[in-house]
Every structure is written in structure tokens, then in C-alpha cells.
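Okay, structure first, notes after.
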Number of protein chains: 2
Amino acid sequence: MSKETRKEEIIRVAAKLFKKKGFSAVTMRDLATKMGMKAASLYNHIDSKQAILQEIVIAIAEDFTSGMHIIIETKSNSIEKLEQIIALHVKIAIENADGLSALNSDWMHLESKLDYYLKLRQDYENNFRNIIENGIKQNEIKAVNPEVLMFSMLSTLRSLYLWIPKKEDINKANLLVNLNDILLRGVEN
Amino acid sequence: MSKETRKEEIIRVAAKLFKKKGFSAVTMRDLATKMGMKAASLYNHIDSKQAILQEIVIAIAEDFTSGMHIIIETKSNSIEKLEQIIALHVKIAIENADGLSALNSDWMHLESKLDYYLKLRQDYENNFRNIIENGIKQNEIKAVNPEVLMFSMLSTLRSLYLWIPKKEDINKANLLVNLNDILLRGVEN
DNA sequence: GTCTATACCTGGATAGAC
DNA sequence: GTCTATCCAGGTATAGAC
């Protein structure tokens, strides 16, 4: 990987601060201090605080979108597709936990890119719901309420970023097996 | 129920605003406008913006704590206790969706009550984990990773507030059956 | 590319009249 | 109990020297 630019560094550090306090509570002076510079100097690299949020959120939203497109084009059955969705969320949560926090908690502070973000999210959920509904039709998935199932899986998957950084003793493969079991196979003996 | 006081009304309206934009992005002037008064007038009823957050978050955290204490003192088996936890979260999410948003997203902005809140949450999770670990020992629950199971269930249950207000076509009994099935019995056919 | 200085605005909160 | 007026701290962002 090529060396991180100053702009990328600012975005990475900003995401970390946003995770801790939320977008609105982080000031440009906070960010500058963490970067070891003055607030005014930040503006040589980025246009505005808002632009930082956009870069973080939109990049990840597009990652999910392209990941989902790959999944819906495979010939896997529904359960396999759900497993691939789980893997997609785990991958992104491991790579970019801080950015996911902004995506999950601060998307409403997007200004010009808000509509675009909402469209990407809507499309993602529609694709997810289709996989579930197809699985039920094919008898691969139990006849539960598709909306409740999607909500339940997405809640867990969207919260992974909160939890993965704290559990370094659980490796990725192990986590995937556990999540597949718990989310898809149930826990009652 | 007795008539809502002006203070209670302010707290209720504040919770609704906090849900929409987050604690830090809501101004006392926003809140005053929604209340049909000037910002200065709010201070005849509440001490500070911080005090509003405290009232919202601590009240709900204590609801969860007392609910959990009732559950761990019943003689139910582990699966039944998990079902009771699900029911507790559904109940509170229906009663106070807006307050739950503050609890989940804005707890880090608590000042003097932060340590108390963190202790309540820690105790709650410890009790939850004990129920799971006991269930595995008693062979009532599959031998999954207890931490991943708790995380997964809590992620779904803590997100209910985001989702319940949008789905008025699903009634509470129906939702409980679906959540019990999905969270405990799995979805794979 | 970073600094100092600063413009300009909006935030939470208080004082005191009514 | 609500208002107007106001304080002052701190927010984002820009200008211009180095």
C-alpha cells in the first residue's frame, strides 16, 4: 500500500474522534490538536468539516453497495448469500471500525450527500430483503417475518464495529463461524 | 396517569429532538421553539441541557436494571430468561423509543452521571452473560461463544427503538414471537 | 504547508422586567 | 412563568505573513 497522504491521515484521525464523541461534538481544534497542527492548517488539506464526514461515510456506503452487487450475482443459495453478507460486514468492520461509526451514527449530518447516502442504504436493504424473501420461497429459510429477520441481522452486523476492536482474542475466522451459527442456526438446544 | 408536568414535557420533546439530530446538535433554542417558548424560559423548569440528558438516560438505565433483577430472580430456565429479556427490551422500546436513542447514542455526553451509567450497563451485561453461560452449562443453550451471542442479541434489542416506530403493522405479540424465533431458534430450514 | 490573527456566528446560560 | 436583553465562551472558516 502506498504511503498515506496528509489528507488521508486527517480523515483517519477525524473518524477516530467522531467515533468517540460523535461528529457534532468534535471541533476542528480537537482534530488539529490530534494532528499536531493548528486548526487553520487543516484547511490546506480539506475543504470543510462537512467534507470530511462525506468522504468517510460515502466511501463505506459504496463499499457495501459494491459488495452486495457481487453477492447478488453469485449462484449461491439464500443461506450462502446471507453468509456472504455476514462476511462482508465483518470484513469492513475489521478494516474500518471508526468509519463505520460515522456511517451508523452521523449520517444524518450529511448535507449535500444525504440523499445519495439514503438511496444507497435503501437499495442495500432492498437487495437484502429480496434474498430473504427468495430464500423463504425456495424453502431454504424458515417462514419468519422477512422484515424482522433483516432488521435483526442488520442490527447485529451494523454494530460489529463497536465490539470487534475490544475482542482481539477472537480471530476473524472464529467470529465468522460464531456469527453464522448464531444468526442463522439458532442457539436453543 | 396524572397530567404531564411542564418539565416532563420538555424532557419528552428533548428526547425526540435528540433522537433526530443527536444531543450535541440540538440547541436549547431548537428545544424552546418546539416547546413554543423562548430558550431562557426553559431554565425555569430544568437546570441545564446536561440535566435533561441525565434524566432521560438514567431513568431508562434504571428501568433495565430493575427489569433484569426481576428476571434473574425467577425460577425459569435459561431460554425462558432470554425470552424475558427480549420482552423487557420490547416493552421499553415501545414505551420510550426516543429516550432509548439518547441512551444508545448520547450516553458518552453524560458528565457527572457517566460513571454511574457505565456501572449499570456493566452490571446488566454481566447478568446477561451469566444467564447465557449457565444455559450452556445446563445444556439448554448450544455451546456457542457466550460473548458473541450476548453481543448479537443485545445489538438487535438495543436497535429496536429505531425500527419499532416505523412498523405499526406489526403488533407487539407478533413481534415477540418473531424475535424469539429468530434470535433463539435460527432461521435455516 | 503551517503559523498568527481575527472575522463572524451561534452555543449555553443568567439578570431582571413584567 | 415567560419575556427581552445580554454575557461570554467557543464554533467554523479565512487572510495574509513566513
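Every chain is numbered from 1 and lettered A, B, ... according to where its sequence line falls, protein lines coming before strand lines.
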Take B/E62 and B/Y116 through the test side-chain hydrogen bond (donor to acceptor under 3.5 Å, both in side chains) and record every step on the way to the result.
CA-CA 10 Å; B/E62 290 176 341; B/Y116 176 55; 2.5 Å; yes
Which residues within residues 8-19 of chain A lie with some heavy atom under 4.0 Å of an atom in DNA chain D?
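Per residue number, the list is empty: none.
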Could you tell me whether [X] and [Y] make a salt bridge, using a distance below 4.0 angstrom between a side-chain N and a carboxylate O?
X: A/K91; Y: A/E95; result: yes
X: A/R185; Y: A/E83; result: yes
X: B/K119; Y: B/D115; result: no

For A/S112 and A/Q50, does a side-chain donor sit closer than 3.5 Å to a side-chain acceptor?
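Judged by distance alone, the side chains do not pair up.
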The side-chain contact (heavy atoms from CB on, under 4.5 Å) partner of A/I52 among A/L17, A/I46, A/V13, A/V26 is A/I46
Flag yes if more than 12 heavy atoms outside B/K16 fall under 6.0 Å of its NZ atom; otherwise flag no.
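Not more than 12 within 6.0 Å, no.
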Take atom CG in B/N130; do more than 12 heavy atoms of anything else shown fall under 6.0 Å from it?
yes
Mind calculating the distance between [atom1] ([X]) and [atom2] ([N]) to the nearest angstrom?
X: A/K21; N: D/dG10; atom1: NZ; atom2: C1'; result: 12 Å
X: A/L42; N: C/dT4; atom1: CG; atom2: P; result: 14 Å
X: B/Y43; N: C/dG16; atom1: OH; atom2: P; result: 18 Å
X: B/D30; N: C/dG12; atom1: CG; atom2: C1'; result: 12 Å
X: B/F23; N: C/dG11; atom1: CZ; atom2: P; result: 14 Å
X: A/K49; N: D/dT14; atom1: NZ; atom2: P; result: 15 Å

Any B/R6 side-chain nitrogen or oxygen under 4.0 Å from OP1 or OP2 of D/dG1:
no
Find every protein N or O atom lying less than 3.5 Å from an N or O atom of nucleotides 3-5 of chain D, and list the pairs.
| unit_1 | atom_1 | unit_2 | atom_2 | d |
| --- | --- | --- | --- | --- |
| D/dC3 | OP2 | B/K38 | N | 2.6 |
| D/dC3 | OP2 | B/S41 | OG | 3.0 |

So, the side chain of A/E80 versus the backbone of A/N77: is there a donor-acceptor pair under 3.5 Å, distance only?
yes
Given that A/Q50 and B/R29 both sit by DNA chain D, which one's nearest nucleotide is further toward the 5' end?
B/R29
